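Everything numeric in this text was worked out from a predicted model, so none of it was measured. Heavy-atom basis, side chains included; hydrogens, waters and symmetry copies ignored.
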Amino acid sequence: QVQLVESGGGSVQAGGSLRLSCVASAYSYSRNCIGWFRQAPRKEREGVAVIYTGSGSSVYADSVKGRFTISRDNAKNTVYLQMNSLKPEDTAMYYCATSQLQFCNLLIRDGGSSFISNWGQGTQVTVSS
């Protein structure tokens, strides 16, 4: 069964923090890559952070390096995105997604969303100035 359920979005002021959670079905969690994408109004969907479910290695978009941290809890089939020092430009719908790509870093590049096999329903993050 393919299932990804996100939670943890909300509204915060600039400089604040949020933690997103993605609970995956066993099938979804078995994919090589699980990551977070975001899409702001009138913008393309972009990869934010991706984690290799096996090794735990992670990859980040330049725009969030040093502020966001992706992690996983294998016992709970859950992937987290800790977002600190949030900026208004981080405002977007955030999606959890999986891919069987060998090189998960490709998901962060332009067009990376084309390699995604499954998407969650999304959770809204709004950062006010």
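When atom types are taken as modelled, the side chain of Thr91 and the backbone of Glu89 share no donor-acceptor pair closer than 3.5 angstrom. Tyr94 places no side-chain N or O within donor-acceptor distance of the main-chain N or O of Leu81, the cut-off being under 3.5 Å. When atom types are taken as modelled, the side chain of Ser17 and the backbone of Asn84 share no donor-acceptor pair closer than 3.5 angstrom. The main-chain N or O of Arg31 is found under 3.5 Å from a side-chain atom of Thr53 such that the two form a donor-acceptor pair. The main-chain N or O of Phe115 is found under 3.5 Å from a side-chain atom of Ser99 such that the two form a donor-acceptor pair. With hydrogens and angles disregarded, no donor-acceptor distance shorter than 3.5 Å links the side chain of Arg72 to the backbone of Val79. A donor-acceptor pair under 3.5 Å is absent between the side-chain atoms of Glu6 and the main chain of Ser21, judged by distance alone. The backbone N or O of Thr98 sits nowhere less than 3.5 Å from a side-chain atom of Asn118 that would complete a donor-acceptor pair. For Ser28 (side chain) and Gln3 (main-chain N/O), a donor-acceptor pair under 3.5 Å exists by modelled atom type.
Between the NZ atom of Lys87 and the OG atom of Ser129 there is a distance of 13.5 Å, given to the nearest 0.5 Å. Atom-to-atom distance recorded for Ser30:OG and Gln100:CD is 7.0 Å, nearest 0.5 angstrom. The distance from atom CG of Asn105 to atom OH of Tyr52, rounded to the nearest 0.5 Å, is 5.0 Å. Distance check: Gln124 CD to Met93 CE gives 5.0 Å after rounding to the nearest 0.5 Å. Note that the CD1 atom of Ile51 and the OG1 atom of Thr69 stand 10.0 Å from one another [nearest 0.5 Å]. Here CG of Leu107 is found 11.5 Å from CD1 of Ile34. Values are rounded to the nearest 0.5 Å.
Annotation: side chain of Cys96 is not in contact with side chain of Trp119 (no heavy-atom distance under 4.5 Å). Within the 4.5 Å cutoff, the side chain of Met83 has heavy atoms near those of the Leu20 side chain. For the pair Glu46/Phe37, no side-chain contact is recorded, criterion being any heavy-atom separation below 4.5 Å from C-beta on. With a 4.5 Å cut-off on side-chain heavy atoms, Leu106 and Val50 do not count as touching.
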Could you go through Thr78 and Asp73, starting from their C-alpha distance and side-chain angles, then the distance that decides it, and tell me whether this counts as side chain to side chain donor-acceptor pair (under 3.5 Å)? CA-CA 5 Å; Thr78 300; Asp73 184 334; over 6 Å; no

One pair to check against side chain to side chain contact (heavy atoms under 4.5 Å, CB included): Leu86 and Gln13. What are the steps and the verdict? CA-CA 8 Å; Leu86 282 161; Gln13 290 192 327; over 6 Å; no

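At least one test fails for Arg38 against the ring of Tyr95: distance under 6.0 Å to the centre or angle within 45° of the axis.
The cluster map of Ile, Leu, Val, Met, Phe, Trp and Tyr, joined by side-chain heavy atoms under 4.5 Å apart, puts Val125 and Val64 in the same cluster. Residues Trp36 and Val59 do not share a hydrophobic cluster, clusters being chains of Ile/Leu/Val/Met/Phe/Trp/Tyr side chains in contact below 4.5 Å. Grouping the Ile, Leu, Val, Met, Phe, Trp and Tyr side chains by contacts below 4.5 angstrom, directly or via other members, places Phe68 with Ile70. Hydrophobic clustering, with ILVMFWY side chains joined whenever heavy atoms are under 4.5 angstrom apart, keeps Tyr29 apart from Leu4.
In summary, Asp62 and Lys65 engage in a salt bridge, as defined by a charged side-chain N under 4.0 Å from a carboxylate O.
Gln102 CD: 12 or fewer foreign heavy atoms inside a 6.0 Å radius.
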